[in-house]
There are 2 protein chains.
Amino acid sequence: MTHSAPPAVPRFPVSVTVDLVIFTVRDDALHVLLVERGKEPFLGGSALPGGYVRPDEGLDEAALRELREETGLDGGRLHLEQLRSYGDPGRDPRGRVITVAYLALGPDLPAPVAGTDAARAFWAPVGEALRADFGLSFDHGSILADAVERARSKLEYTTVATSFCREPFTVSDLRHVYEVIWGIALDPSNFRRKVTRTAGFLEPTGERRTSETGRPAALYRFGGAAVMSPPLLRSGDIAGRGAGGGSGRG
Amino acid sequence: MTHSAPPAVPRFPVSVTVDLVIFTVRDDALHVLLVERGKEPFLGGSALPGGYVRPDEGLDEAALRELREETGLDGGRLHLEQLRSYGDPGRDPRGRVITVAYLALGPDLPAPVAGTDAARAFWAPVGEALRADFGLSFDHGSILADAVERARSKLEYTTVATSFCREPFTVSDLRHVYEVIWGIALDPSNFRRKVTRTAGFLEPTGERRTSETGRPAALYRFGGAAVMSPPLLRSGDIAGRGAGGGSGRG
DNA sequence: ACAAAAGTGTTAAGACTACACCCATGA
DNA sequence: TCATGGGTGTAGTCTTAACACTTTTGT
């Protein structure tokens, strides 16, 4: 069987790109950075930012470069990880393109900078971007869906949620991230206990932040731990908040 | 911005390959399928099986084809998932090669069939293959290490361990998989309870299997569920059995 | 004083650990 | 009958869900 089958063509015209799914939490929704395409194909359509991998750079390196180009990121805390690769023939009308998708999580970032291929970069609510009629270019709808799923499950057993918070942050800031990404309300008391008792998740700064209303909240920094065990479960939501405390008393 | 910056070279000579990390549990160790390389570079060295992606096939498709070529796999239950991509310049002396690594899990497979590029395919204990002096070719040591980590953590929250068991199997067969891959002993009673009570993990066949010694064990099929929640924790090992505290009643 | 958010306390339900102990089979 | 692994029962501990309640601020 080593010589009879038609031998694979060892090299054919193929391009390698990296595409970035950059998430941030703005207001009360998860947002993804998109670019309006400045050239064909899909001219005028929306797509994930990305670009060609250069001959002399690694994949992570290319992703980091693109991230910098798109967001103007400076040294801020920011999570970047490889998501997976997509390479169906026909996913790009120009030819065979393999893309390595990366997932980036960051605090509400400054107004995005238009990248090389982009006429315009903008934040879109993920809920809208995923709708079929939004019409993301290429197979970017699938990539985005995979990224959302990855982000959701990573919140359960890791501490990456802190990547969405600019330091220092409060426990409520962090809870807000979970609530927005999971789309459920969490019990503030139990959430606090869980995250403050997970060693290395939060490091108190000793400072407090006073907001318009309510008691000032303690401020924290990320504590350096990567994982949470046991995980924080998504199932434990609290459906009807607003009923508030004091429904019955002794 | 579309014409001033030094434009990335949109296409340069790149090859795209898929590499497979095929795991099975044999005897009391996790094994990986390796091939002895039949040509340069690394002629005579050991490497993960893999091959070039063809112009007209998708990545998953290529992985499945390679898997079939290497193992002679027929319809058996078998898990295949993309692991991640590796593309550092210089990872292959022949030029720029991006490889998409896949993780495959299967029951103790038949004697492997030599693939196209392989002089010989063989099962190697993962513990040995990971040692630096084993000298896996290319960056296959890193890929293998990543695969082991992925497999270990997937056992925690999914039911993929069943992919290692030929059906029908016993609870002990399944526990053996966990013990070998995690490298710890698990309490048989508690393990049984956990897996039998996780809905959809195991489906009783009604049959039993009698072995040389001991009570016959009930036989099960995989039940179709993908995940386990809450997860089965690795921490819960049983280091020194027989220490005996006698707290339980008599 | 009141509203609102931060933060603490408490209880009951559920899951897990560490075992003791019983069951079914071959030798 | 004994050895061996299969399988059940259970007490104590740990974790969580639910929610009452106290604290601290701005208005």
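Here the structure is a predicted model, which is why all the values come from computation and not from measurement. Convention: sequence-line order gives letters A, B, ...; per-chain numbering from 1.
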Check: protein-nucleotides 10-14 of chain C nitrogen or oxygen pairs below 3.5 Å:
unit_1: C:dT10; atom_1: O4; unit_2: A:R193; atom_2: NH2; d: 3.3

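One can place CG of A:L186 at 11 Å from P of D:dA18, the figure rounded to the nearest angstrom. One can place CG of B:D187 at 14 Å from C1' of D:dG5, the figure rounded to the nearest angstrom. What separates CZ of B:R209 from C1' of D:dG7 is a distance of 16 Å, to the nearest Å.
Under the side-chain hydrogen bond (donor to acceptor under 3.5 Å, both in side chains) criterion, B:R221 pairs with B:E203, sequence neighbours left out. Take A:Y178 and apply the ring pair (Phe, Tyr, Trp, His ring centres under 6.0 Å) test, not counting sequence neighbours, and it matches A:W182, A:F191.
Toward the 5′ end of DNA chain C lies the nearest nucleotide of B:P231, the other residue of the pair B:P231 and B:E212 mapping further downstream.
A salt bridge between A:R175 and A:E179 is present, with a side-chain N of the basic residue lying under 4.0 Å from a carboxylate O of the acidic one.
Closest to the side chain of A:T210, out of D:dT25, C:dA6, D:dA20, is D:dT25.
Taking CZ of B:F164 as the start and CG of B:L155 as the end, the distance is 6.5 Å to the nearest 0.5 Å.
Under the side chain to side chain donor-acceptor pair (under 3.5 Å) criterion, the residue pairs touching residues 209-220 of chain A are A:D173-A:R209, with sequence neighbours excluded.
Contacts of residues 213-221 of chain B with DNA chain D (heavy atom under 4.0 Å): B:T213, B:G214, B:R215, B:P216, B:A217, B:A218. Less than 4.0 Å separates DNA chain D from no heavy atom of any residue of residues 195-208 of chain A.
B:S189 comes within contact range of at least one nucleobase, with a heavy-atom separation under 4.0 Å.
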